[in-house]
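Here the structure comes first, spelled out in structure tokens, and everything after it is commentary.
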Number of protein chains: 2
Amino acid sequence: MTAEPVGTGLTAEDGEGRDRPRYGEGREALLRAAIRVVATSGLRNLTYRAVAREAGVTHGLVAHHFGSRDTLLEEALRYSLQLSVETSSLESGTGQIDDFARDLPEFVDREPDVQAFQYELILESRRRPELRPYVEELYDYYRGAARRELARLGIQDPALADVAYAALDGLVFQQISVASPENTRRSVDALRTMLLAARDAPPARD
Amino acid sequence: MTAEPVGTGLTAEDGEGRDRPRYGEGREALLRAAIRVVATSGLRNLTYRAVAREAGVTHGLVAHHFGSRDTLLEEALRYSLQLSVETSSLESGTGQIDDFARDLPEFVDREPDVQAFQYELILESRRRPELRPYVEELYDYYRGAARRELARLGIQDPALADVAYAALDGLVFQQISVASPENTRRSVDALRTMLLAARDAPPARD
DNA sequence: TGAGAATCTATCCACATGGATAACTTGTCA
DNA sequence: TGACAAGTTATCCATGTGGATAGATTCTCA
């Protein structure tokens with residue numbers, strides 16, 4: 001009866017005004033709701049009322065759990081960081097070049113909210129110093145994942161891995177805003193070509 | 001006397017509460033102020049009052065020139081697009097690989113506001129369809145500039161140019177949030193290496 | 001069972017906001 | 001010069017906001 005298939009609540013399911021979470025689940029519901037609200041309506045519309053509505057609770061609960069809008073945002077960023085690490089979308093671990101970032105276009109297409117939320121918060125961290133440690137942690141994690149994944153392909157140079165990650169970062173940003181998954185796929189193909197060429201190239205030229 | 005050295009008003013000069021622009025200059029002052037306010041305080045704080053204060057006028061003038069906050073944002077995006085095209089920071093035109101994106105780190109370091117503003121508005125365009133045409137125009141311009149610049153280096157494949165641009169996009173985003181210009185410089189170096197390797201590589205391998 | 005703690009709701013308030021309106025100032029040009 | 005238009009300011013208002021407070025519900029565990 002009350003057994004709906006429970007996920008992160010961050011995939012497409014777009015109906016608004018969730019049904020009320022069970023006693024004790026309000027806090028996490030609010031964190032997930034905050035990510036959704038920021039992704040779909042922007043930081044400007046991350047209000048006590050909007051996030052409470054999205055979570056299916058009353059807005060007093062936000063104040064109770066987080067005390068302030070700022071703290072909610074900080075906690076939501078930490079939560080999204082945790083989600084990213086669990087998902088680990090950059091590490092296939094197979095050691096096959098064709099698997100590098102293979103599922104990225106589809107992943108971003110299916111779940112753009114967490115990505116959009118993180119981009120929003122990275123920009124926000126420019127003016128909110130207390131967010132910076134989490135943003136740095138986020139980038140360290142992604143960059144590390146890219147380095148490990150590429151090392152398995154015989155690409156040891158961390159500078160190359162950093163560029164590859166920057167390219168993926170840019171591609172994902174473009175995909176959530178204007179570009180198609182197909183476009184991302186094509187570019188990731190080209191990126192693999194470049195990486196292989198750089199790996200196998202003689203030291204220098206030209 | 002009233003002859004201050006006039007620039008775009010978008011470089012470091014951070015004092016707030018500009019002195020009142022001359023009669024007839026209010027509109028453009030507001031556009032420049034909007035970019036500065038969004039870059040330094042976020043879309044959330046782009047209010048009639050904040051942008052008017054930054055421009056040195058009263059907030060009624062915003063309503064008079066733009067009618068609504070949404071229109072102001074749209075016009076400011078168009079204005080920033082025009083600034084980007086005039087600056088043309090991606091095309092050195094020299095045909096020397098070492099000049100590719102050579103000044104980018106320093107440029108972004110010196111004038112991060114326009115970049116930050118554009119990233120903010122690209123994200124905003126996800127939920128404001130009327131902004132999309134301008135965002136697409138912006139991306140078309142940047143991508144085209146990268147293609148032309150790389151074609152001069154003998155890299156004709158547009159897919160490679162698109163990846164290169166995505167990498168720059170990601171690097172600039174990282175620089176305005178957490179990374180140093182020096183980090184960008186290192187990565188741009190590595191990007192050039194990859195591009196040359198791809199240009200000179202035999203068709204395929206592995 | 002029942003009392004204290006945690007979670008949650010209902011309600012209130014001072015304040016900033018977007019926008020409208022009317023008045024005033026500066027420029028234009030016949 | 002002077003009258004009309006464009007630019008600009010001053011002021012007002014209804015609405016949504018962040019947050020505080022008080023009370024109700026649900027859980028925990030001795």
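Proteins come first, then strands; the chains are lettered A, B, ... in the order of their sequence lines, and each starts at number 1.
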Look only at the side chain of A/E149 and the backbone of A/G93, and say whether a donor-acceptor pair between them is shorter than 3.5 Å.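 Side chain of A/E149 to backbone of A/G93, a donor-acceptor pair under 3.5 Å: yes, one is there.
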Side chain B/R69, main chain B/L46, donor-acceptor under 3.5 Å: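 The answer is yes, because a donor-acceptor pair under 3.5 Å joins these two groups.
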Atom pair distance, as rounded to whole Å: CG in A/D19 and P in C/dC8: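 Between P of C/dC8 and CG of A/D19: 15 Å.
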In whole angstroms, how far is the C1' atom of D/dG16 from the OH atom of B/Y48?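 After rounding, the gap between these two atoms is 16 Å.
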Polar contact flag, side-chain donor to acceptor under 3.5 angstrom, [X]-[Y]:
X	Y	result
A/Q174	B/Y165	no
B/S84	B/Y142	yes
B/E86	B/Q82	yes

With a cut-off of less than 4.0 Å, is there a side-chain N or O of B/R44 near OP1 or OP2 of D/dT17?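 Indeed not, no polar side-chain atom of B/R44 lies that close.
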Between A/L61 and B/H59, who's closer to the 5' end of DNA chain C by nearest nucleotide?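 The residue mapped nearer the 5' terminus is A/L61.
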Would you say that more than 12 heavy atoms from the other residues, nucleotides or ligands in this model lie under 6.0 Å from the CZ of B/R78, or not?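 Check fails, neighbour count at 12 or below.
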Crowded around B/R148 CZ? As in, over 12 foreign heavy atoms under 6.0 Å?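 Enclosed.
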Mind checking if [X] touches a base, just sugar-phosphate, or nothing, with heavy atoms under 4.0 Å?
X	value
A/G26	sugar-phosphate
B/L72	nothing
B/T47	sugar-phosphate
A/G24	sugar-phosphate
B/V57	sugar-phosphate

Near DNA chain D, under 4.0 Å by heavy atom, which residues of residues 63-70 of chain B?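 When residues 63-70 of chain B is checked for heavy atoms under 4.0 Å from DNA chain D, the hits, listed by number, are B/H64, B/H65.
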Show your working on ring pair (Phe, Tyr, Trp, His ring centres under 6.0 Å) between A/Y119 and B/Y119 and close with a plain yes or no. CA-CA 9 Å; A/Y119 285 122; B/Y119 285 122; 8.8 Å; no
State, to 0.1 Å, how close A/M194 and B/L160 come at their nearest heavy-atom pair, and which atoms those are.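 That would be CG-CD2, 3.3 Å.
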For nucleotides 25-30 of chain D, print each protein N/O atom paired with a nucleotide N/O atom at under 3.5 Å, atom names and distance only.
{"from": "D/dT26", "atom 1": "O2", "to": "A/Y23", "atom 2": "OH", "distance (Å)": "3.1"}

If you check the A/R49 side chain, which of D/dT11, D/dT17, C/dT17 turns out closest?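 The nucleotide sitting nearest to the side chain is D/dT17.
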